[in-house]
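Both backbone and side-chain heavy atoms feed into the values below; hydrogens, waters and symmetry mates do not. Each chain gets a letter, A, B and so on, in the order its sequence line appears, and its residues count up from 1.
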Amino acid sequence: MSDFSFMIDGVEIPACEGQTILEAADAAGIYIPRLCDHEGLRHQGSCRVCTVKANGRSVAACTQPAAPDILVENENAHINKLRRDLVEMLFHEGNHLCPICEASGNCELQAMAYRLDMTEPTQFPYLEPCRALDASHPDIALDTNRCISCGRCIRASQDVDGKGVFGYVGRGIHRRVSVNGDTLADTDAEVTDFAISSEVCPVGCIIRKREGFTTPIGEREFDKALIGHDIEEKRDD
Amino acid sequence: MASHPEDTAQKSGLSLEEKATIRSICREVEDDPARMMDILLRVQDRFRCISAPAMDVIAEATGLSRIAVEGVASFYAFFSSEPKGRVTIRLCDDIIDRFSGLASVTAAFENALSITVGETTPDGAFSLEYTPCIGLCDQAPAAMVNDLVVTNLTAERVHEIVAALKAGAPPEEVLVDRYAERTPYQRAKEMVSNNIRHAGPVLLGPVPEDAGLEAAVETGPAQIIRTLETSGLRGCGGAGFPTGRKWRAAAATEADRRFVICNADEGEPGTFKDRVLLTERPHLVFEGMTIAARAIGAKEGIIYLRGEYVYLRDLLEEVLADRRNRGLLGPAIMGVDGFDFDIRLQLGAGAYICGEEGALISSCEGLPGEPKTRPPFPVTRGYLGCPTVVNNVETLCHAARILGTGAQWFAGMGTKDSPGTKLFSVSGDCLNPGIYELPYGVSIRDLLEMVGAEDAAAVLVGGPSGTMIARDTFDRRLAFDDLATGGAVVVFNGDRNILEIVEYYMSFFVHESCGYCTPCRVGNVFLQKAIGKFRKGLANPSDIAYLRDLSDTIIETSRCGLGMTSPNPILSTLENFPLVYSAVAKPSADRTRATFDIQSAIENARQLAKRRSHIYDRDFTK
Ligand SMILES: Cc1cc2nc3c(=O)[nH]c(=O)nc-3n(C[C@H](O)[C@H](O)[C@H](O)COP(=O)(O)O)c2cc1C
Ligand code: SF4
Ligand code: SF4
Ligand code: SF4
Ligand code: FES
Ligand code: FES
């Protein structure tokens, strides 16, 4: 049941009161790229990869409420360029070496780069931050070199696990994800936490020990289809 | 690594007594996590740092996790995890100060204290730091010394001050003559000149006491809002939102609790007019807040005072107490049953972003100063989820005057779109820096004449998030439909290096970005690096397009006003001073991609290999 409708790139989208543009689009089988937003978690609106134009104004689709009769632009050259810039920023902000990364093929950042045609070296400088690996926990390792500050682990731990293992510290370019204690071993994190599950971290930061490379590269989720395929398959036209 | 016994002692925590002190600090605010700023400010004051064990104690008392406490403590520039000196000196390193002798003042401090900026003396007596604009731009170079400020610094003055402090005199006595005998107002005046150069009819001329509040009590909420709407008053904090409409929206939202917040964060470099109002017209500020409370039905108010203005805290607390004593705050104001309203002062701790209303509310709630997702807007869901009016200091003063003297009187000044007068904070290369209260619509040229800046070559209107204009457009007017400004007017003469100015302001935005969203957190660093290339003469012509392109992405995708305006120093100088850029951008000689700086890229390799490059060092010989 829908309360009203609006348009995305010429397609009429039914929506309910309280839904965001992104939620309504998902239900209608239109994929709006996103990294920090994740079904079942609070909206954060920080990566800005879901930027769309609503009546000509840029907004984050994951936090912007759907409204009757708005005209939303989702996929065009200009918006793809904005999104590519943002994804490139996330790559350049951290340290990413896909060929040796456990997440390769399952990684949403990498998959987003492919979807947005990021196929050549970018013009941005590399920031090459120095971030230590935290392997203190018996079952979990945390490598924030690949962290894109999406905060999904923070919200999952707080809201789903009821724990608060992760949090942000610092400000500006020094803002990063940290843990509730001196190291991960000091926290009450468990490998069975939702926050630690493969679903939550979009990249390869949260590593469950002893299960690396169980699925060979080449047979992983985004080796088979573009990111967003699951949503686009829902479209019934 | 072997650890010393003392290290372990420190690591394992605090003494029982120290723990008890922290617990009692928390108890003073009823262990309320929403008062985290007050807790952290007091712990920082008492221990000169907020250590991990201290965070554990605070977390336990307030029922939060340590990471939540750490998130707040690590956000604000005035909190530190390492112990700071008993006297902490924070020098303003804004471009204005750099152009007024900051280098020699810094050198004098470094010499006198035998430390460099960023360090603490081994005996823990002194720390020396840089900080962005502290709102004393008309008397630069300026610095904070603990909770006090000192202006018009020279190398000689620095040596005097440090000698006295080293001799054991407390900063109060060193910076304020006969501190103990003076009132808070006298102390403020002793440290800081107001430099009111032109008093207008609304704010800085004679102001009848509480005439606006009396009128507001008589007319009632609906009429207050109508009067403000008729006056056409627009917010003075920068965005210019119609004040009457804001109050109407907050009044119309169903709620049990509503709040009025006065935004006294004044962080835009080059802006200092709120400081003068807080010093000279504090009653008018609180009168305006009380009228707003009457209009929207708020019982509670907060004045958010930037940490840099802590020297005004006693003055403001004294005025609040006086108003309570006289029945102008508290229960049944002016004898009206049910008109209850009181104000608490919330101090900030060094974060420009906290001037953004959502971030300001976050900070008042004891959170890191991160903007909130909009919608909802504060008027529907603000502080603690309740409808909240956030207004600038000056806006609230105007509102009180409008209620007292009349909407037509106010609307008769200024321009149709921008009625009334405005305070302009003028600083930089001019003879008479200070505050000018002038009707909206005044031209830059006329203002420059008044301030004695006939040789101005560039004027920054509205601070770094505003516009930098050149001589050929000095006929432009200060009003919302032409050059909008929260009040900052910074003058630069022809000797100043525009790129140096731009580079400083980009470093300011990098420092002050909250880091929440990608484009502002990362993009501004890239812009700063790119400007650095221009400064070093390493830029290509295509770097100009790169600057524009990257700026557009940041503006279009940022989450709040900081990111949406941070590229303005670059964009407005590209527009108005194009030759500055084209003069230094040369086609690359080494055939590498634009924006790539091969020389610094191979520097590491040069050092590791202990030899120079065959290809990139022209003078290479075996
Ligand atoms: C980065 C940023 C900093 C701001 N700083 C201030 C400030 O220091 N003081 C202020 O009154 N408004 C500031 N604002 C504007 C506030 O968000 C808000 O619009 C204002 O306080 C509303 O009051 P007004 O309508 O009376 O101007 C800032 C906005 C942004 C985006
Ligand atoms: S996290 Fe993703 S993008 Fe980063 S290195 Fe691993 S696979 Fe590549
Ligand atoms: S660790 Fe993973 S889930 Fe957590 S913020 Fe970083 S990228 Fe996101
Ligand atoms: S634009 Fe900048 S200051 Fe605003 S939310 Fe994003 S990172 Fe924070
Ligand atoms: S998905 Fe919307 S901002 Fe990240
Ligand atoms: S106080 Fe130094 S520029 Fe404002």
Side-chain angles (χ1 to χ4, degrees), chain A residues 35-36 43-51 53 57-60 62-65 78-79 81-90 92-94 121-127 148-151 154 158 163-182 186-187, chain B residues 11 52 56 59 64-77 351 353 368-370 373-376 509-526 529-530 533 542-543 546 549-550 552-559 563-564 593-597 600-601:
Chain A
L35 286 171
C36 68
H43 307 301
Q44 177 163 293
S46 64
C47 74
R48 314 308 280 180
V49 171
C50 68
T51 297
K53 298 255 176 189
R57 209 166 59 86
S58 29
V59 295
C62 69
T63 57
Q64 188 69 22
H78 177 71
I79 292 173
K81 149 84 171 63
L82 295 179
R83 291 173 179 164
R84 198 160 49 233
D85 278 356
L86 293 168
V87 168
E88 289 178 6
M89 286 179 194
L90 291 171
H92 285 247
E93 179 189 23
T122 85
Q123 49 188 351
F124 295 139
Y126 289 94
L127 300 186
I148 58 170
S149 286
C150 71
I154 301 175
Q158 255 170 24
K163 283 189 174 176
V165 169
F166 302 98
Y168 288 116
V169 295
R171 144 175 129 190
I173 193 67
H174 305 295
R175 187 181 194 255
R176 60 191 171 78
V177 164
S178 186
V179 297
N180 187 33
D182 292 339
D186 292 347
T187 72
Chain B
K11 240 198 146 141
D56 280 327
L64 297 180
S65 61
R66 175 170 119 193
I67 185 79
V69 177
E70 192 181 349
V72 187
S74 61
F75 186 88
Y76 296 89
I353 187 58
E370 287 162 354
T373 300
R374 297 149 74 95
F509 285 124
V510 167
H511 189 259
E512 298 302 328
S513 162
C514 83
Y516 192 104
C517 73
T518 312
C520 170
R521 180 182 70 239
V522 188
N524 281 315
V525 177
F526 294 171
K529 285 184 181 285
K533 267 187 79 183
S542 62
D543 280 314
Y546 170 79
D549 207 51
L550 175 54
D552 288 347
T553 299
I554 297 172
I555 289 171
E556 273 191 70
T557 60
S558 281
R559 180 167 179 263
M564 291 174 196
R593 207 156 24 88
T595 77
F596 181 67
D597 172 7
S600 46

Intermediate values then yes/no, side-chain contact (heavy atoms from CB on, under 4.5 Å), A:Met89 and B:Arg521: CA-CA 9 Å; A:Met89 286 179 194; B:Arg521 180 182 70 239; over 6 Å; no
Find the one option among [options] whose heavy-atom pairs under 4.5 Å with chain A are most numerous.
{"options": "B:Pro368, B:Ser558, B:Ala52", "result": "B:Ser558"}
{"options": "B:Gly523, B:Ser65, B:Pro519", "result": "B:Pro519"}
{"options": "B:Ala530, B:Ala73, B:Cys514, B:Cys520", "result": "B:Cys514"}

message: Given 3.5 Å as the limit, does a donor-acceptor pair link the side chain of B:Tyr516 with the main chain of A:Gly45, or not?
response: no
query: Any donor and acceptor pair, going by atom type alone, linking the side chain of B:Arg559 with main-chain N or O of A:Cys47 inside 3.5 Å?
result: no
Contact leader toward chain B among [options], where contacts are heavy-atom pairs under 4.5 Å:
{"options": "A:Thr63, A:Leu86, A:Thr51", "result": "A:Leu86"}
{"options": "A:Val59, A:Thr187, A:Asp85, A:Val165", "result": "A:Asp85"}
{"options": "A:His78, A:His174, A:Lys163", "result": "A:His78"}

Engaged part of [X] at the chain A interface, taking heavy atoms whose separation is under 4.5 Å:
{"X": "B:Ile353", "result": "neither"}
{"X": "B:Ala77", "result": "both"}
{"X": "B:Ala351", "result": "both"}
{"X": "B:Phe509", "result": "neither"}

Interchain contact, [X] with chain B, by part (heavy-atom threshold 4.5 Å):
{"X": "A:Leu127", "answer": "side chain"}
{"X": "A:Ser178", "answer": "both"}
{"X": "A:Gln64", "answer": "side chain"}

- prompt: Would the number of heavy atoms belonging to other residues, nucleotides or ligands and lying under 6.0 Å from NZ of B:Lys529 be above 12?
  reply: no
message: Restricting to side chain to side chain donor-acceptor pair (under 3.5 Å), what partner residues turn up for A:Glu88, sequence neighbours left out?
response: none
task: Heavy atoms only: give me the nearest A:Gly170-B:Ser74 pair and the separation to one decimal.
output: N-OG, 2.8 Å
statement: B:Ile67 and A:Val179 have their tightest heavy-atom pair at CD1-O, 3.4 Å
- prompt: Can you list the steps and then say if A:Asp182 with B:Arg66 is a side-chain contact (heavy atoms from CB on, under 4.5 Å)?
  reply: CA-CA 10 Å; A:Asp182 292 339; B:Arg66 175 170 119 193; 2.7 Å; yes
query: Name the one of A:Arg48, A:Arg83, A:Lys53 that satisfies salt bridge (Lys or Arg N to Asp or Glu O under 4.0 Å) with B:Glu556?
result: A:Lys53
